[in-house]
Structure formats: structure tokens, C-alpha cells
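These notes are about the structure you will find just below.
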Amino acid sequence: MSEFELLDPGAPMGGAFGSGDASVDPLLDGLNPAQERAVIARGPALLIVAGAGSGKTRVLTHRIAHLIREKEAWPSQILAITFTNKAAAEMRERISGLLGAASEGMWVSTFHSACVRILRREAERFGYVAGFTIYDSADSRALLKRIIKELDADTYGFTPANSGSKISKLKNELTDVDAYAATAAVGDPRERLFIEIFRMYEQELRRANAFDFDDLIGQTVHLFRAHPDVAAVYQRRFRHILVDEYQDTNHAQYSLIRELTRPVATAEVERLVPPARERELDGLGQIPGASLTVVGDSDQSIYAFRGADIRNIVEFERDFVGAEVVKLEQNYRSTQNILTAANAVIGNNFDRQEKNLWTSEGDGAKIVGFTGYSQHDEARFVAEEIEDLHREGFDYNDIAVFYRTNSQTRALEELLIRAAIPYRVLGGTKFYERAEVKDAMAYLTSIANPYDPIAWSRLLGAPKRGIGPMAEAQLANFQEAQGISLHEAMLRCDELAFGPKVRGSILGLAELLTRASKMAVGGGATDVTAAPGEDAEEKTPAPVGDLLKLILDETEMIEKLRAKRDPQDDARAENLEELIAVAREFDVKQPGAGLLAFLTEVSLVAAADDLDDSSGTVSLMTMHTAKGLEYRAVFITGVEEGLIPHQMSVDEVGGVNEERRLMYVGITRARERLYITLASTRATFGDISVAMPSRFLQEIPEGLIDWRQSPGEVTSRGGTASRALNASARPGAGYASRGSRSTESAVSFGSNSSGAAAVSEPASGNMQSALDQWRERKRAAKAAQAAGGGFPNTIGAGARDNGDLELTAGDRLRHDDYGEGRVTSVTGAGTKRIAHVVFDSVGERKLLVKLAPITKLD
DNA sequence: ACCCATGTTCTTTTT
DNA sequence: GAACATGGGT
């Protein structure tokens, strides 16, 4: 049986009727002519212009499967680049759904992961070690902070943030310090200072054996250019390179693709080991360049701020001679109303090629608009509509709420909690950014890379052990002078004049690191709780979970946190326990992968990566994160001037156009229902300011929007009505329909108690990932906080806790927002007890008994 | 060296 | 309204 034989594709799109018919090719069946052309096209270069929702993922996966099935490539000869790990995983899954095991060995990953893989293999060429650290933005900032302080550059207005972003920009353009210095105006002292910062930053990175995010791409390009033999290996290996979201590639990424698709240099062909075989060569005795497929949509380019260059896609045909172009314009995702709105908005960008999305599926529902008096009011509308959608049969999974800035989540979360709607915030993957988690991770980083001063300085002070800045500086100086690792410097601290207490601390810590390092390489865990079942197998590296456990046990970080009185520290302790669980999960998922793989994975998680399609929760995310995703129902919130388009972008050249594309991306995520909401006042930073409707709103044809409350209605009332006022100001018709629907829902909730399930931990029957549990707790904590009246740090304003408030059907109660109502039933148990209440004015609501702002009336 | 309290500065989007 | 920096007290 050939390895290439097509396995039964199961039921991917149209397989249902394709199975009996031998003439139907399952890889082409159900594709429209343009899609089919994109799948079967061959040649050196292909540009697929894929409008939103035009089935590009399907085209890409089918194209790859087709290449393999037609024996034009082995899986190992394919490199597919996606934007997020999640997209990569999905693509891998879909290809293996088409091909089965025959798809193994492909590289499907993000730019960053692919580059890390290459760099780890070739690190020695750079004077780096394979265990190099990847600095995230926080690490880079920490390093820059030191440098700026040392150079007293803050007096010139340099901050870690502004110098960091300038360095990042330069790196994305593949401009190194020397190149920059050569072009800079040397007369300008500020410029000279910046060059100094840049230079030191690069030096420190190298000394730390660390790369920042931008280096991952840039250094790989540099590696290929400086070492043609290395480049030759990858140029020869990858025969087909496919890049998704090509409109968002920056110059460095573009250059990487260029390097990879070059023909193998003639000089290198002879040096290849193993030697090139006859069939690899073309007529000239060369190994031709890889075939390149890029997919993108210039209307969805939203990352110019981080160096994405739209010209990469616009000039593709000029760039890659012989390129074929396929346009996918038929949309399979959204209703015509949604597409018309999207087309209308994006049509205002004058600097684009004309393109119109269309569907054959019909108009669908109108877009729903709502203007709240405040973002609180807006959020309440969102929560209510989500409940309605849910009753209508939408899964929480099917629903997403978008916003421009992360800070907009606050009000939304609060209201979703009150409404007992399960949700998840994407992208604030704040877990790994928490101080205690970073502290623990610093130990692991330092074990993998004992030259990393950022990690090292972090672990010295966590937990407090009497080693302060003074001792740290002495050790660092000693380390630098001796040219040894930081770990070694600690072991030799006898050579420095430390007091006995400090000395003891340092040696104790050094000893722990020694032990952990041995364990990490598989030296054997001696006196600690050795992993049971592993008998003296010398080379087996310890599971990451065990390593972390050793560190947390020995440093007593968790115990020390628990010993404190502050309840916040309890949460921190739990986060650390969660981190162990995350590590153990990793050990199970990728046994034997090792510490480095764990660290890499943690460094490169993207916002959209924690999306879990089976979580049963509403997803909240920025519009940037939403790119590439789709939902049956989408809420775009905060559609106001200053927010979208964002104030910061208005003065930038092309800024508003990019914001408009962002709006376009948001709109085109919706399949069936689209809600556009805004508030007439918004509390930004303490006080309240008046917000104007976004100009993009006016670009949507009026007839497409069904205004539940239009901006006009709200401003005519004077803008700053209280919540109590607006609660009764809502149109009566809305309540009537709401009320009738809620009657049905009360029945269904009562009979199958799905209402309770919705509030309890998502998917309570299933295995829950460690991170999910963390999020769940965080949510509960937030709920407690929200219910407490929003004074989290004020003494005496402890979280509201109705505790064991007895409620039974028939009781009357008063709610702070909804007024008086009657309990119809109580479901759930313990802290998840839910009261179903019919309020006199607003109809039925589900309330978390423990937290809702309610008082029982008698 | 550590802890706590009081000011101060922000807020675009992210691998 | 929160993270962070700074400065005084122990």
C-alpha cells in the first residue's frame, strides 16, 4: 500500500455523497471553479486573493493534500506558515483528516515557531547555545530599563517602551545597529544615545544567550545569508512553501520567504550531504527554488503597526515572476446584509483594489444597533442579547464579543458575570504574565540558560531570601569579570566578601539550581521525591512537572504565600499550583519533549491559541485577535470615534484606513447575526467623557441597521442618565417580546437544568485543562469583586456574599438594577445556586444567588 | 533588605 | 483605577 494512498476522508465537506462515485475527487468535490484552480495550480508561485470567508483554509488544506496525493511532494517537503499556533493545529488536523497518517512530517507552524526550530538546530553558528532564551516583550522591557538607567537616557526622554518599539521596527526592517548608525544623523545627541541603547541591548542579548521576538525571524534570515550551506539544507528540503495571512507579513518575514524559495546555489549543490540526486536537478544542474503559495487579503491587513507591509502582497506578481493569481470572492460565511455592510465600509478606503464579497445565501437578519448611555448600559444590552440568542438555540460557543482595546473588557465581564453567562477572555493570556508565575518560570529559564540575567535576577528575589540589589550587583560583576555563568558565580561566592547569612542563601540557591539542572538533563534526581518508576535511567530528562515541583517545594514559594494574610496571596499560591498542573499536562501531551520545548511553547503562545472550541463559553477578544475566526453571532462594541478609529491612529498616515480594515475584519467574522453597539458616554480613566458614534457607523447603509436604541435617541435625552433611568427608558415593545420568550425558557431550564450547567464550570463532566480551572477561579474572583460594588481594595467593602440566603419559588426580592421581582425557581447548588426571577419591569433573569445584588423582601 | 504608604503615569492593536 | 515608582520607616 502506497504511503500516498488517500485514506477515506470521512466526511469533510461533501464527502457524504461523494463516497459511492469513483469519478468524484474528494479533494476537489464541492469547490467552486476558482477554488479548484487554486488547489490544482502548479508552477513557481501562486497568489490566492482570498476575501473574508471565501474558504481559504479549505483551499489551502486541499491544496496541500493534493500535492501529497499527486506525489508532487513528500509531507516533509512542505512548509506551511500560519499566523497562530491554533491555526497551525487546525490546519494539521484538517490535512490529516484528508490524508490520515500520510500527512505526518510536515512543518505546519507559525513564523516564530519555525524559526525557533531552525535556530535551535543551528545555534552554534552564531555563538549561541541551543538552550537560548526567548525574551518576551516584558523581558525586553526589563533589559532596556537597565540599559536606559545605566546610560541615564531617561533624561533624554527614552523609555523602555519607546526605545523598544523603535528597535523592534528596525529589526523588522532587518536593520542592525551598524546599518542604522551609518545612516543616522550623528550630529543629533539623541540619535547617538539611541544608537548606544540599541548597541547595548544587542550586546546584552548576546551575552544572555537570548533572542527577542524580532530576532527569531531576523536572525534566521541572517543565518541563511551568512551561511549558504545552512540555507541550502532548508532550500532543498522545502519544495512547497505556503504562507497564510500574507498581507500581514513584515519585511523580515518576507525576506525569510525569499531566502527559502531561492534555488540552491550551484556551489552548494555539490557540497550537499547526502549528495543531490539526479531527479532533484533541473536542466542546468541546479536545484530549483521551492514553489511558493501565499494567501491573503489586503483589505484585512491590520498589523502595519508592527511592521506588516502591504506591498508584500500588492506587489507579489512583480516580485515572483511567473506568479499565477486566483481570486476568491464568493463568500460562504455571512449573510448578504453583513457582506453589504462590510463592502460599504471597506469601500471608503480609496487605496484599494475594487473587490466585492457576495453570497448566494440570502439577506439574513438585519444588523442590530444599540446605543447605551454608558459602557455599563452597553454591556447590559450585550448580556441580554446573548441570553436571548442562547434561548433561541445559539450555543455560547457560537457567540463572540469584539472590542478595540483590552481595557473594554471590564464592563463586559462584570455584566456577563451578573447574567451568569459563561465567557472567556482571549488574549489577555495574562496567566504567564503574573508575577508569581514569571518568578517560577525564571527558575526553569535559568536552568535551561544559566547566562540569562533577566531570569536570574528575577529568581534571586523570589522568594525573598536576603539577596538584594547590592548582592546581585556584586555577583553580576564577578560573573562578567570571570566570564562564567551566573550559576557558577553563585557557587563561587566564597571569593566575594558576603556576610554569612547572604552567603548561605546564595549557596543554598546555587545548590538547588545544580540539583534541578542535573534533573533536567537526566542526571538523576537524588534526594528528592524521585519520579517513581524511573529506575536510574541516566539519560532520561525529568518531566517538566517534576522539575517545577522540586523548585517550588524547595523554595517553599507556595507555603510562603499561603502563610501570608492577604487573600490575594492565596490566589497567587493557587496560580503556582496551576502552573504545575500546566507543566504536567505538557508532560503528558508531549512526553520526553523536555524543558526547552516547554519554555518555547510558553514563550510563543498567541492570543487566539487558548481558544477552545468545545469550551461552551462566549468568547471576548480584540478585533485583532478575531482575525481568521468566525462566529454565528458577533457583537462589535464601542463603535465610537476615538475607539474605532482609535484616537492614536487618527494622526498617523494611513491610520484611519487601517482602522477601517480592522472594522471590516470585525464585521466579516459574523455568519448570521451582527450587533453593533456603542455608548454615548464612556468612562476613560476615572471621569466620564462624551463619546461620538464612529464614522464607520455612518458608512453602513442606514437600511441595514435595526436600531434598538439609536445614537440620536440617546443624546436627545441628555446623555448622562442614571442606570435606573435607562432601565425604565427602554422601549416597552422590547420587554413584551422578551417576556414572552422568557416564559418558554423558564420551562426548558426547569426541565433539564441546562441553565445551571451554563453557569457551573464549563463542561463539568469532561476533563478540564489546568488553565481552564485557573480562568474559572479568576472569573469567580472577579464575580465576587463586581458584586462587592467595585471597591476591591477598600477596607470593609468585602465581596458581596449572600451566602446561604434562602430563596424558594414565590419569594419576592429586590435587585439593585432590575427592581422588584418574583422567584419562579431555584436551580443548582452551593455557590452556583441560581434563582430564576421574573422582574416586574424587565422580565425574566437568571441570577447567581450568592453574588447578585439582591435583597429578599417579605 | 524589606515593607508599607503615598504619589505618578498611563491605555492601541501583538508574535 | 491600577500598575508602578519612589521614599520613609523599621
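Just so you know, these numbers come straight off a predicted model, no measurement behind them. Proteins come first, then strands; the chains are lettered A, B, ... in the order of their sequence lines, and each starts at number 1.
Between E245(A) and K56(A), at least one side-chain nitrogen of the basic residue sits less than 4.0 Å from a carboxylate oxygen of the acidic one, meeting the salt-bridge criterion. Salt bridge E378(A)/R682(A): present, at least one basic N to carboxylate O contact under 4.0 Å. Between D297(A) and R352(A), no side-chain nitrogen of the basic residue sits less than 4.0 Å from a carboxylate oxygen of the acidic one, so the salt-bridge criterion is not met. We find that R404(A) and E640(A) are not joined by a salt bridge, their nearest charged nitrogen and carboxylate oxygen being 4.0 Å or further apart. Ion pairing of R661(A) with E658(A) is present here, as a side-chain N (NZ or NE/NH1/NH2) and a carboxylate O approach within less than 4.0 Å. Ion pairing between a basic and an acidic side chain is recognised when a charged N comes within 4.0 Å of a carboxylate O; D212(A) and K171(A) show such pairing. In this structure, D139(A) pairs ionically with K438(A), as a charged nitrogen and a carboxylate oxygen lie closer than 4.0 Å.
Phosphate proximity of dT15(B) to N85(A): absent, as no side-chain N or O sits under 4.0 Å from OP1 or OP2. At the phosphate of dT13(B), OP1 or OP2 sits under 4.0 Å from a side-chain N or O atom of N406(A). In this structure, T622(A) reaches the dT14(B) phosphate: one of its side-chain N or O atoms is under 4.0 Å from OP1 or OP2.
Proximity note for R410(A) (side chain, C-beta onward) versus dA5(C), dA2(C), dT12(B): the nearest is dA2(C).
Comparing the C1' positions of dT6(C) and dT11(B) gives a spacing of 22 Å, expressed to the nearest Å.
As judged by a 4.0 angstrom heavy-atom cut-off over every strand, M470(A) is placed among residues touching the sugar-phosphate backbone only. Residue E652(A) is classed as a base contact, given a heavy-atom separation below 4.0 Å to a base. Looking at heavy-atom distances under 4.0 Å, K627(A) makes no contact with the nucleic acid at all. Here T625(A) lies in heavy-atom contact (under 4.0 Å) with sugar-phosphate atoms only.
In this structure, R120(A) is positioned above the aromatic face of F132(A), its NZ or CZ under 6.0 Å from the six-membered ring centre and within 45° of the axis.
In this structure, NZ of K169(A) is placed 15 Å from P of dT13(B), rounded to the nearest angstrom. Counting to the nearest Å, the C1' atom of dT6(C) and the CG atom of D154(A) are 14 Å from each other. Atom C1' of nucleotide dT11(B) and atom CZ of R682(A) are separated by 13 Å, given to the nearest angstrom. Going from atom CD of E601(A) over to atom P of dT15(B) covers 15 Å, rounded to whole Å. As rounded to whole Å, 16 Å separates atom P of dT13(B) from atom CG of D248(A). At whole-Å resolution of the value, NE2 in H624(A) and C1' in dT14(B) are 8 Å apart. Taking atom NZ of K145(A) as the reference point, atom C1' of dA3(C) lies 11 Å away to the nearest angstrom. Rounded to whole Å, atom P of dT15(B) lies 13 Å from atom CD of E245(A).
Two residues, E472(A) and F213(A), neighbour DNA chain B, and the one matched to the more 5' nucleotide by heavy-atom proximity is E472(A).
With hydrogens and angles ignored, a donor-acceptor pair under 3.5 angstrom links the side chain of H112(A) to the base of dT15(B).
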Task: Contact letters for nucleotides 2-10 of chain B, in which S counts primed atoms plus P, OP1 and OP2 and B counts the base, heavy atoms under 4.0 Å - done: SS------B
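Applying a 4.0 Å cut-off to non-hydrogen atoms, the residues of residues 302-309 of chain A that approach DNA chain B are Y303(A), F305(A), R306(A), listed by residue number.
Side chains of I148(A) and S163(A) form a contact here, defined as non-hydrogen atoms less than 4.5 Å apart.
Within the structure, salt bridge (Lys or Arg N to Asp or Glu O under 4.0 Å) pairs that include any residue of residues 457-467 of chain A comprise D439(A)-R458(A) (at least two apart or interchain).
Stacking of the aromatic ring of H646(A) onto the base of dT12(B) is found: the ring centres lie under 5.5 Å apart and the planes are inclined by under 30°.
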